[in-house]
Amino acid sequence: EEITSMAILTPETGTDFGWNQQGIDGAKAAGDALGVDVIVAENLGYGDVRPTLRELAEEEPGLIIAHASGYNTAAPEIGAETGVKVAIVDSPSALTEGAVVDYTASGHEGSYLAGVLAAKMTRSGTVGIVTSGEPPSWNSQSAAFAEGVKATNPELVIRYAVIGPAAYSDAAGGKRVTESLIAAGADIIFGQGNGSSFGMLQAVETTPAADGGKVMFIDVIGDKTPIDKGYLLSSVLWNLIPVYEAMIEDIRADKFGTRNYGINLADGSVALLKSPQIPDDIWAEVMTVKDQIVSGELTIEPKFDAESVHALVTGE
Amino acid sequence: MTLFTDTFLIALIAGMAASGVPLLLAGLGEQLSEKAGVLNVGIEGMMLGGAYLGFYIAWATESVGLGFVGGVAGGILVAALMALFCVRMGLNQIVIGIALTLGAEGATALLHHVQFSRLYPRLPDVATWRIPVLADIPIVGPALFDREPVVYLAVALVPFLVYVYRRTHLGLALQAAGDKPAALDSAGQNVLIIRSFAVLGCGALVGLGGAFMSIVGAGVFVPFMSHGNGFIGIVLAMLARGRPLWVLLGAALFGACLSAATALQVAGVDIPTDVVQMLPFLAVMAVLLIAGRNAKLPAALGAAYVRGER
Amino acid sequence: MLDAHPSSPSTTPSTEAPPIVTFEGVTKRYPGIIANDSIDMEFRAGEVHVLLGENGAGKSTLVSMLSGLQQPDDGRILIDGVEKPISSPAEALDIGISTVFQHSMLVPSLTLVENATLGRKWWQRPDRSGTAKAMQDAAKRIGVTLDPMAVTGDLSLGERQQAEITRALMRGARFLILDEATAMLTPNDAARLGELMRRLAAEGMAVVFITHKLNEAVAYGDRISVLRLGKKVGGLSPEDLKSLDAQEATNQVVRLMFGTRDTTASADQKPDMSTVDRGAKPSLEVLALYADAARVPLSNLEFKVWPGEILGIAGIDGNGQKQLAAALAGQAPISDGRIVLDGAYIDRLSIGQRRAKGLRYVTDDRLGEGTVGGFPMSINLLLKEIGRMPYWRGGLEQPEAIRENARQKVKDFDIRTPSIDTPVGKLSGGNIQKVLLARELSGSARVVIFEKPTYGLDLANISATQMRIRETAQNGAAVILISTELDELLSLSHRIAVMDQGGIAGIVENTEDARHKIGELMSGVEK
Amino acid sequence: MSADTMTDTAQTGNLQRKLHAISNTLLMSLGPVAAAFVLSGVILLILDVNPFSYYGYVFGRGLLSPTGVQATLTRMGPLLLIAASLIVAFRAGIWNLGGDAQFLVGAVFCAAFTPLMAPHVPVWIGLLAGAAISAIFGALWTLVPAFLRAYQGLNEIITTLMMNFLGISLASVLVKLVFLDPNTTVPQTRTLAVEDRLPTLFGTTISSGLIIGLVAILAVHFMMTKTAFGLRLRVVGGNASAAVHAGLAVPLLTVAVFAISGALAGLSGGVAILGQYGNVRADWNPGYSLAVVPLVFLARFNGFAAIGFVGLFSIMSIGAESAARRTGVPNYFTLVTIGILLVMLAISEYYGAKRQKAGA
Ligand SMILES: Nc1ncnc2c1ncn2[C@@H]1O[C@H](COP(=O)(O)OP(=O)(O)OP(=O)(O)O)[C@@H](O)[C@H]1O
Ligand SMILES: Nc1ncnc2c1ncn2[C@@H]1O[C@H](COP(=O)(O)OP(=O)(O)OP(=O)(O)O)[C@@H](O)[C@H]1O
Ligand SMILES: [Mg+2]
Ligand SMILES: [Mg+2]
């Protein structure tokens with residue numbers, strides 16, 4: 001079956017150096033590479049997305065990518081109603097031949113590596129996790145990060161704080177909570193949040209660690225290097241291009257709906273950003289762990305619930 | 001290593017102040033406006049106006065001081081629309097308030113999109129003033145008495161407003177404008193001027209709060225960053241029933257609850273985050289249930305004043 | 001002293017002073033009505049200019065244009081001979097026009113002092129103690145005592161009116177307007193205010209005085225203008241007033257006001273003692289009643305009212321009359337004692353239940369609790385009958401029945417309204433009262449409490465209302481008549497109780513010497 | 001905030017006058033729409049977008065395209081229920097600003113129980129039960145403000161706002177911790193199967209929630225303007241002291257108002273779930289109540305006018321989303337457009353009232 005156009009829907013604008021931007025940029029790149037036109041519907045929020053889905057379906061795209069876990073009920077329903085193929089996130093069980101695929105993007109493997117990196121680089125022995133809320137993808141990355149830290153050095157202390165329920169845009173809250181974690185001894189912050197992550201970054205930039213040195217920031221999903229002031233230690237980068245490309249190819253091969261997609265270290269769709277702040281020897285050690293994961297020697301189970309995160313950080 | 005070190009406690013108390021100041025300013029502003037009879041549900045919009053313009057000017061001029069002036073101007077800009085529509089023309093205050101909130105949300109997000117969304121500029125740390133003796137008090141001193149000057153200004157506004165409300169004719173005029181505007185009018189004072197003044201004053205205070213949020217609180221502007229603070233300001237103003245000190249206490253309570261929530265999480269106390277986040281609201285509901293009694297609002301609150309109308 | 005009849009006018013300035021304010025063809029329209037129709041009028045220094053007219057004639061409208069609250073739709077206003085609009089109250093005050101409005105213009109949440117300082121420069125500190133002293137001095141001039149630090153909202157309507165007059169005097173203006181300023185005053189205080197008006201005029205002030213009491217008009221006025229349906233229909237010049245005696249002047253004014261309609265005032269009638277049957281069971285018994293109220297708690301009230309009897313309640317306004325009425329009607333809680341209606345205790349019953357048992361209460365707070373200002377007059381007439389047949393059937397409104405009722409009441413009670421759909425708040429003060437009376441006096445009542453039923457009414461309406469109060473008693477209801485008008489009480493009541501500071505100072509039979517006894521009770525002689 | 005400025009216009013009038021009124025209303029609502037377009041058109045020009053193509057898309061999508069108008073009509077269902085909820089409260093002088101939480105609490109309980117019931121009972125029973133659950137829980141959420149207001153005199157603006165914050169949090173706590181669908185990692189309730197939802201109308205995608213909404217708002221309008229009960233509520237709203245004086249059971253009526261208003265808001269949540277969403281996700285809050293509050297004020301608490309304003313709002317929100325995408329304007333612009341439209345509507349309502357006064 002041929003596909004000449006596809007649509008992607010995101011809840012926020014594609015300029016967040018994060019989830020939305022990775023989705024939109026990835027879809028555009030995949031489309032460019034494989035000759036598929038891409039319609040972008042961004043900033044749709046988390047409310048009623050059905051009208052937009054129906055409207056996009058009227059243009060008879062070969063695929064609609066519903067790039068938010070909040071869309072995973074609506075998209076398959078509208079897909080079924082209008083006969084358009086859809087890709088959704090966070091619902092592996094929704095897989096339907098010829099109709100629905102899932103790509104649960106979880107950077108947990110990369111986050112584990114980030115944990116290893118943080119454990120090796122902390123001077124104070126305390127690392128912090130700040131999130132703007134507790135959606136499944138944040139949870140799985142927080143949990144894997146904590147596992148990576150503990151696996152590297154069980155003595156280390158992990159401090160964990162959530163800004164608020166769905167406080168995605170609360171930049172001031174992000175800064176305040178990050179400052180508290182720094183005061184609690186953290187000198188490396190693993191931060192997840194959309195707008196609020198800029199507040200976290202600002203806190204890191206303006207608050208010295210207990211020893212007077214720099215606090216370093218580990219970001220997720222996107223690459224904030226262009227706006228970095230020297231505090232970005234790393235980022236768990238996602239690359240959705242291979243995922244979307246695979247979907248397009250499966251449609252062309254009439255195999256759509258026979259498998260789900262994911263991102264992982266092995267094919268490079270998840271990667272750890274190497275910033276100049278990371279010494280080469282430590283980077284090499286982290287890469288060793290990466291190889292273990294890629295080879296399957298080490299498996300990291302994703303944990304999507306908040307309780308697992310809480311249990312891991314308190315070390316229970 | 002114990003968690004509750006001085007540094008951590010200082011950060012918690014400082015965090016309380018940082019999240020409390022915008023609420024304090026929002027509450028004081030709303031209170032001023034309500035006293036004069038204008039129910040201002042547009043303060044979320046005024047806050048965003050202040051946050052955006054304050055941040056923009058602080059960033060463009062690299063001057064924090066000018067930034068705060070810009071914040072005040074941003075708040076006043078939105079408030080001027082409120083004064084025009086609701087005080088001058090007498091349009092429905094709730095409709096206009098919500099319209100201004102939506103409009104300011106959209107406009108500031110749009111401006112941010114055009115100007116900052118590729119760069120997300122962040123401001124450097126804001127200089128603090130150390131208050132000699134007080135700053136030496138352990139824990140509380142560095143947390144509260146080595147702060148950005150705006151914090152002192154915000155707190156100083158409390159006694160200042162108490163003075164204005166109780167000891168000046170302006171205070172009486174404000175109260176009359178809210179309780180019985182016809183009486184004020186027939187006494188020869190222009191109700192529309194008093195009310196406009198109150199609304200613009202509200203815009204100035206709230207805008208300053210917004211600027212505090214973007215310049216000091218976050219150091220960055222992001223869309224929708226006021227995040228419901230304006231609505232909490234309305235609650236604080238109504239709870240305080242015209243008394244500025246109560247707004248201060250309420251803002252401190254909210255700030256304290258937010259800090260406490262963070263402290264609980266950082267300490268690893270395993271209660272669901274959402275439940276922890278309900279704390280401040282539960283606290284206020286508890287206060288209401290225990291101490292709640294006839295909370296009288298100004299009699300003419302929300303009603304436009306038209307001379308000779310009856 | 002209490003029956004101080006108005007003294008005759010003192011010497012009027014013989015040389016006419018120039019007018020301070022002149023109206024030339026001034027017209028004011030409201031939806032459905034021309035409230036002032038081409039009015040030509042002059043207000044001179046040194047003159048007490050009395051405006052007379054029935055309820056709704058347009059007197060207050062005229063005042064509102066003098067005081068800057070309203071602008072004329074047509075015509076010119078000259079100030080000191082120069083055309084100049086009075087575009088705001090501030091301007092009116094600047095010109096020296098100080099007004100006591102018919103409806104209170106005090107802020108309830110402020111103290112009297114604070115109200116008195118309203119309007120001063122905003123940055124100044126209110127000089128509370130200085131103003132309080134000035135206020136007390138001014139109050140002394142009209143012979144009342146005020147607590148300047150009292151919160152206005154705690155005061156009775158009468159006290160508020162006294163405070164407003166005091167405030168107007170304090171402003172030291174050259175043009176004083178008093179819109180029904182004596183409506184809430186005791187005859188004694190009214191007489192004093194009259195004397196004061198004369199003094200002020202003698203000092204060169206222009207006074208505009210609106211009243212429904214013709215004796216006051218004739219006694220204190222230098223010039224009388226009569227309005228009817230918005231038009232100036234005539235008046236008495238100072239020369240006329242000087243040349244006519246009081247009775248002739250009154251007759252002439254009545255003719256101007258009411259045309260040839262019959263308005264025989266009932267003031268001199270005596271109550272019909274035959275309707276009372278004291279052998280029967282009393283309709284209402286009040287036993288050792290106590291109630292906590294903020295300013296005037298009720299203590300140990302005890303009285304009975306028999307069917308057909310009118311019990312007057314006299315006393316200076318603010319001595320617990322309002323609280324008593326509210327306690328009887330069930331609007332305010334009592335702390336001790338019992339209330340018996342037709343042999344059954346009603347003190348535990350709700351307002352609605354008491355009403356169902358035949359207790360009626362005509363409040364004096366017409367806009368505050370008597371009506372819903374924004375609702376049509378027709379609905380206000382049925383405010384206490386909501387859901388009843390025939391106006392509602394099965395819970396559904398019957399518009400025709402409701403309108404018919406309104407039309408009937410408009411006719412019966414001579415309510416002047418543009419239409420029965422007009423919001424009641426837009427009617428003139430007197431007409432709002434008629435709506436209230438029309439509502440309360442229909443249906444069967446066992447006990448009716450009238451609270452200042454005639455204040456603000458014009459002569460014709462007063463006599464009509466008094467007639468209705470009598471009829472109510474004749475139909476077998478027990479009536480409690482609260483009034484500050486001693487003459488009214490004496491002409492209607494069978495017995496009169498005097499209230500003082502929340503208690504009953506005494507109850508006297510309405511015999512020849514009642515006036516004297518009541519005077520003694522009110523001034524506390526018997527204590 | 002007094003409700004007595006919102007007087008009922010006299011219901012008298014013959015056909016001719018009605019026609020006149022209708023054309024007046026049309027003018028009064030199209031005028032401000034046009035003015036809003038001119039103003040936001042200026043902003044579009046600054047953003048280098050052709051305003052005509054933008055508004056072409058807005059109406060092309062929201063009003064003229066078949067699926068667009070279906071989306072508009074579907075969206076109206078829950079909004080009309082919210083409007084009905086607010087009209088009851090506002091007319092009675094109860095400023096219930098907690099509609100969003102009442103909506104969510106109703107929605108969450110409905111979404112928690114209906115999917116469990118659905119497989120075991122006929123569809124219509126499941127739907128009825130779901131609707132009842134949502135209404136009951138919506139009403140329960142107003143209990144605290146209702147009693148505080150009725151018996152303590154505590155101002156309901158404060159309490160409903162507080163309960164709003166609490167209810168929004170509670171809804172997401174319930175979804176995350178209690179009513180979680182065990183079969184997915186996403187914190188959301190179980191999903192009601194599409195075939196178990198409210199039927200759509202005439203083979204379109206329009207949810208029959210629209211009918212429920214229309215019936216509710218007309219019923220409320222009728223109740224408030226034509227029945228004794230409604231009049232009692234309006235008296236309480238118009239002048240509470242007069243209501244006491246007239247012997248109305250003000251506290252009971254107050255509680256009743258809260259209960260009805262909360263139930264309608266909860267039902268709105270139920271209809272949204274049963275008709276469209278099928279489940280509730282954690283942290284979901286469409287904020288319908290905040291959007292509808294200005295609309296019912298503009299409608300002067302009149303049910304028919306509210307239908308018009310809700311319709312206009314739905315057209316705008318459906319259309320503007322589409323127009324933003326097609327013209328490349330960030331979707332934030334939709335907020336600006338709606339903000340400007342509200343101001344323009346308020347201005348036209350103001351002049352309308354003024355003219356009415358002058359002409360009366
Ligand atoms: N002397 C005064 N002059 C002017 N305004 C005053 C004065 N006293 C109080 N107010 C105003 O009155 C309002 C209530 O003030 P206050 O602090 O006295 O309340 P409160 O006595 O605590 O109320 P409550 O008794 O109901 O608890 C405030 O708006 C205050 O500014
Ligand atoms: N603001 C207003 N809006 C509408 N109608 C009004 C307004 N003010 C007065 N009217 C109408 O104008 C007419 C004159 O009213 P006005 O108050 O001047 O009468 P009045 O002579 O003072 O009567 P009263 O003796 O009862 O006080 C009345 O019919 C009244 O209903
Ligand atoms: Mg006190
Ligand atoms: Mg009058």
Side-chain angles (χ1 to χ4, degrees), chain B residues 39 41 45 81 85-86 89-114 117 223 228 231-232 234-239 241 272-275 277-278 280-282 284-285 288-289 292-297 299-304 309, chain D residues 1-2 4-5 43 47 90 95 97 144-145 148 152-155 157-159 161-170 172-177 282-283 290-291 293-298 300 329-347 349-351 354 357:
Chain B
L39 179 64
V41 283
L81 293 174
F85 291 132
C86 296
M89 298 181 64
L91 305 191
N92 186 294
Q93 297 174 4
I94 292 188
V95 176
I96 296 298
I98 292 180
L100 288 181
T101 294
L102 295 178
E105 277 179 356
T108 54
L110 212 53
L111 286 165
H112 169 268
H113 183 83
V114 175
S117 66
F231 285 99
I232 300 179
I234 295 176
V235 169
L236 289 179
M238 292 199 163
L239 282 174
R241 292 187 295 144
T273 315
D274 295 85
V275 176
Q277 303 289 352
M278 287 163 81
F281 305 115
L282 282 173
V284 170
M285 259 339 265
L288 277 177
L289 278 171
R293 61 204 154 113
N294 243 320
K296 274 258 185 300
L297 297 175
L301 184 62
E309 187 103 314
Chain D
M1 309 233 303
S2 105
D4 58 25
T5 47
I43 304 177
L47 290 171
F90 290 178
W95 306 105
L97 299 184
V144 172
L148 285 178
Q152 300 279 313
L154 204 60
N155 183 280
I157 298 184
I158 311 171
T159 49
L161 272 177
M162 291 313 302
M163 292 303 281
N164 204 39
F165 286 115
L166 275 175
I168 292 169
S169 298
L170 178 79
S172 91
V173 170
L174 288 174
V175 171
K176 286 180 193 170
L177 303 180
D283 302 330
L290 192 69
V293 165
L295 303 181
V296 300
F297 271 105
L298 289 171
R300 299 190 147 234
V329 187
N331 206 358
Y332 301 129
F333 188 71
T334 305
L335 289 173
V336 179
T337 312
I338 289 180
I340 293 179
L341 179 66
L342 287 178
V343 172
M344 291 302 133
L345 287 171
I347 291 176
E349 192 244 33
Y350 166 78
Y351 282 111
K354 218 170 166 176
K357 209 175 274 173

- Message: Please confirm whether the ring centroid of B:Phe85 lies under 6.0 Å from the ring centroid of D:Tyr350.
- Response: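 No, the ring centres sit 6.0 Å or more apart.
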
- Mind checking whether B:Phe281 and D:Phe165 have parallel, tilted or perpendicular rings, split at 30° and 60°?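 Rings of B:Phe281 and D:Phe165: parallel, under 30°.
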
- Given that the side chain runs from C-beta out, which part of D:Val144 has a heavy atom under 4.5 Å from chain B: side chain, backbone, both or neither?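 For D:Val144, side-chain heavy atoms alone lie under 4.5 Å from chain B.
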
- Non-hydrogen atoms of chain B under 4.5 Å away: do they reach the side chain of D:Ile168, the backbone, both or neither?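 Neither; nothing under 4.5 Å.
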
- Query: chain D heavy atoms under 4.5 Å from B:Leu282: which part of the residue, side chain, backbone, both or neither?
  - Reply: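 B:Leu282 touches chain D through backbone and side-chain heavy atoms alike.
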
- Message: At a 4.5 Å cut-off on heavy atoms, which part of B:Ile232 comes close to chain D: side chain, backbone, both, or neither?
- Response: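 Both backbone and side chain.
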
- Who wins among D:Val343, D:Leu97, D:Thr159 for the most heavy-atom pairs under 4.5 Å with chain B?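 Most heavy-atom pairs within the cutoff with chain B belong to D:Val343.
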
- Query: Do you know which of D:Leu290, D:Leu177, D:Ile340 has the most heavy-atom pairs with chain B at a distance under 4.5 angstrom?
  - Reply: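 With the most close heavy-atom pairs to chain B, the winner is D:Leu290.
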
- Item | Side chain proximity check, B:Val41 to B:Thr101, heavy atoms < 4.5 angstrom |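 The answer is no; the side chains never approach within 4.5 Å.
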
- Message: Distance check, rounded to the nearest 0.5 Å: D:Leu345 atom CG versus D:Glu349 atom CD?
- Response: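 Those atoms lie 9.5 Å apart.
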
- Message: So, applying side chain to side chain contact (heavy atoms under 4.5 Å, CB included) with D:Phe297, which one of B:Asn92, B:Leu91, B:Ile96 is it?
- Response: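 Only one of B:Asn92, B:Leu91, B:Ile96 forms a side chain to side chain contact (heavy atoms under 4.5 Å, CB included) with D:Phe297, namely B:Asn92.
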
